[in-house]
Protein chains: 2
Amino acid sequence: MFSNSTKYAIRTIEYLLNHHGDEKLSVANLAKELDIPQPFLSKIMQQLSKGGVISSTKGRGGGFYLSKENMNRPLIDVVICIEGYNVFDKCILGLKECSDENPCLLHKYYKVFKGSLVKPIGQDSIEELLRTPSG
Amino acid sequence: MFSNSTKYAIRTIEYLLNHHGDEKLSVANLAKELDIPQPFLSKIMQQLSKGGVISSTKGRGGGFYLSKENMNRPLIDVVICIEGYNVFDKCILGLKECSDENPCLLHKYYKVFKGSLVKPIGQDSIEELLRTPSG
DNA sequence: AGATAATAAGATATTTTTATCCTAATAAAA
DNA sequence: TTTTATTAGGATAAAAATATCTTATTATCT
């Protein structure tokens, strides 16, 4: 479903949010805490930063963090920033045409999934979604 | 979610099932009908055949088809045959530990999905699942 | 101003997935 | 028995994803 890059991105943003208020966090720090290869996470963070999904400051005491604006964006923006598109817009079996009228085999099942996962991801802000304890 | 290989496999098996009773179908034929690169589909069919998910006969008039046994296997076997494991057993965010007690961020959403898609895929036979018109 | 600690960015390497090609083996038909 | 149409299988190629390394740039502290 998600690429490793996207998985890492989501997990890192969650961590960033839950450790907000502390000083900004360096890639080295994040990579260690989240058990992600450091240089790879560095690449991902650059991409997220360029896409405006996270913020950063350079220099001593710098690092990555989430601004108020960052927190107000829907989580799906993170996915789009990494993957380049909304992965959930595509047919689960890769058909070019797949809709309620012209469904693939698994369309009806996948639709339930979209209703339950993709909707909150697409609508709710990062803060709303990630701050609530999951279960 | 699924790799291209798996998507192709599922679509081809669906086609095979719906054209059962006709003569066996060649890779060339299937690739053309389903718009899949022929040599790539060939590889996939070999793998499925070796895994016992589909059947084949060589020589003139030969081709691929589904035996009664093939039809009675759950669709998840196709996924396992291609991917090497059940992709749905893994955490959507790639956590090593992810359960109801110790859930990742998206665990509760993903769980709904599993209930709706993975359950039928894992339990129902290929014939039951694919023969029914979807929607 | 200089040293330091951090991100930014580009070049490169590795691995996996996807795709292609070619030859061998097989089975049926002529 | 020869030809033909097919799968089987191995060798290889191309592309994408994943991972690493190195250097440049920047901001803060001393």
Side-chain angles (χ1 to χ4, degrees), chain A residues 1-12 16 22-67 70 79 81-85 87 90 93-94, chain B residues 1-12 16 22-67 70 79 81-85 87 90 93-94:
Chain A
M1 173 109 57
F2 294 129
S3 66
N4 276 358
S5 294
T6 300
K7 289 175 188 169
Y8 291 161
I10 294 176
R11 285 172 48 203
T12 303
L16 234 40
D22 306 337
E23 67 280 0
K24 289 146 194 170
L25 298 170
S26 71
V27 172
N29 205 319
L30 290 164
K32 194 183 166 196
E33 288 298 325
L34 294 164
D35 195 29
I36 298 171
Q38 209 247 59
F40 190 39
L41 182 57
S42 172
K43 270 271 178 265
I44 294 168
M45 296 304 267
Q46 279 174 37
Q47 203 172 340
L48 292 174
S49 179
K50 199 179 283 180
V53 176
I54 62 177
S55 304
S56 71
T57 53
K58 289 186 186 178
R60 189 179 183 135
F64 291 100
Y65 64 99
L66 297 178
S67 70
N70 295 148
V79 178
C81 183
I82 298 292
E83 310 272 349
Y85 61 93
V87 294
K90 296 207 173 171
L93 290 186
Chain B
M1 176 108 57
F2 295 129
S3 66
N4 276 358
S5 295
T6 300
K7 289 176 189 169
Y8 291 161
I10 294 176
R11 283 172 49 203
T12 304
L16 234 39
D22 305 340
E23 67 281 358
K24 289 144 193 170
L25 298 170
S26 72
V27 172
N29 205 321
L30 289 164
K32 194 182 167 197
E33 287 297 325
L34 294 164
D35 195 29
I36 298 171
Q38 211 248 58
F40 191 40
L41 183 57
S42 172
K43 270 274 176 262
I44 294 169
M45 297 305 267
Q46 277 174 39
Q47 203 172 340
L48 292 175
S49 179
K50 198 179 284 179
V53 177
I54 63 177
S55 303
S56 70
T57 52
K58 291 186 184 176
R60 187 178 183 138
F64 291 101
Y65 65 99
L66 296 178
S67 69
N70 294 148
V79 177
C81 183
I82 298 292
E83 310 271 349
Y85 61 93
V87 294
K90 297 208 171 170
L93 290 186

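Quick caveat, the model's predicted, so the values are computed rather than measured. Letters A, B, ... are given to chains in the order of the sequence lines, protein chains preceding strands, and every chain is numbered from 1. Heavy atoms only: backbone and side chains are in, while hydrogens, waters and symmetry mates are out.
- Note on B:Pro37: only backbone sugar-phosphate atoms sit closer than 4.0 angstrom, heavy atoms only; bases stay farther off.
- Distance check, rounded to the nearest 0.5 Å: CD of B:Gln38 to NZ of B:Lys43 gives 12.0 Å.
- Listed pair A:Ser56 / C:dA8 meets the phosphate criterion, a side-chain N or O lying under 4.0 Å from OP1 or OP2.
- For A:Thr12 (side chain) and A:Tyr8 (main-chain N/O), a donor-acceptor pair under 3.5 Å exists by modelled atom type.
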Could you go through the side-chain contact (heavy atoms from CB on, under 4.5 Å) check for A:Ile36 and A:Leu30 one step at a time? CA-CA 8 Å; A:Ile36 298 171; A:Leu30 290 164; over 6 Å; no
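- The NZ atom of B:Lys24 sits 12 Å away from the P atom of D:dA8 (whole-angstrom rounding).
- One atom, OH of B:Tyr85, and another, P of C:dT16, lie 12 Å apart when rounded to the nearest Å.
- Stacking of B:Lys24 on the aromatic ring of B:Tyr65 is recorded, both the 6.0 Å distance cut-off and the 45° axial limit being met.
- The interatomic distance linking B:Leu16 (CG) with D:dT7 (C1') rounds to 14 Å, in whole Å.
- Residue A:Leu41 contributes atom CG, which lies 15 Å from atom P of D:dC21 at whole-angstrom precision.
- Residue-level contact check: B:Ser42 touches neither bases nor backbone, having no heavy atom under 4.0 Å from any strand.
- Side-chain proximity of B:Lys58 to D:dA5, C:dT26, C:dA6: nearest is C:dT26.
- Here the straight-line distance linking atom SG of B:Cys81 with atom CD1 of B:Ile44 works out to 10.5 Å at 0.5 Å rounding.
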With 3.5 Å as the limit, what N/O pairs link the protein to nucleotides 12-18 of chain D?
| from | atom 1 | to | atom 2 | distance (Å) |
| --- | --- | --- | --- | --- |
| D:dT18 | OP1 | A:Asn4 | N | 3.2 |

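- Checked by atom type and distance alone, the side chain of B:Asn70 pairs as donor or acceptor with a backbone atom of B:Ser67 at under 3.5 Å.
- Summarising the geometry, the separation between CD on B:Gln47 and P on D:dA8 is reported as 12 Å, rounded to the nearest angstrom.
- For the pair B:Tyr65 OH and C:dA27 C1', the interatomic distance rounds to 13 Å; values are reported in whole Å.
- Rounded to an integer number of Å, the gap from B:Leu48 CG to D:dA8 P is 11 Å.
- Taking only side-chain nitrogens and oxygens, B:Ser26 never comes nearer than 4.0 Å to OP1 or OP2 of D:dA5.
- Considering only side-chain atoms of A:Pro39, the nucleotide from D:dC21, D:dT7, C:dT7 that sits closest is D:dC21.
- For A:Ile36 and D:dA19, the CD1 to P distance is 10 Å, given to the nearest whole Å.
- Side-chain atoms of B:Glu83 never come within 3.5 Å of backbone atoms of B:Thr6 as a donor-acceptor pair (strictly under, hydrogens ignored).
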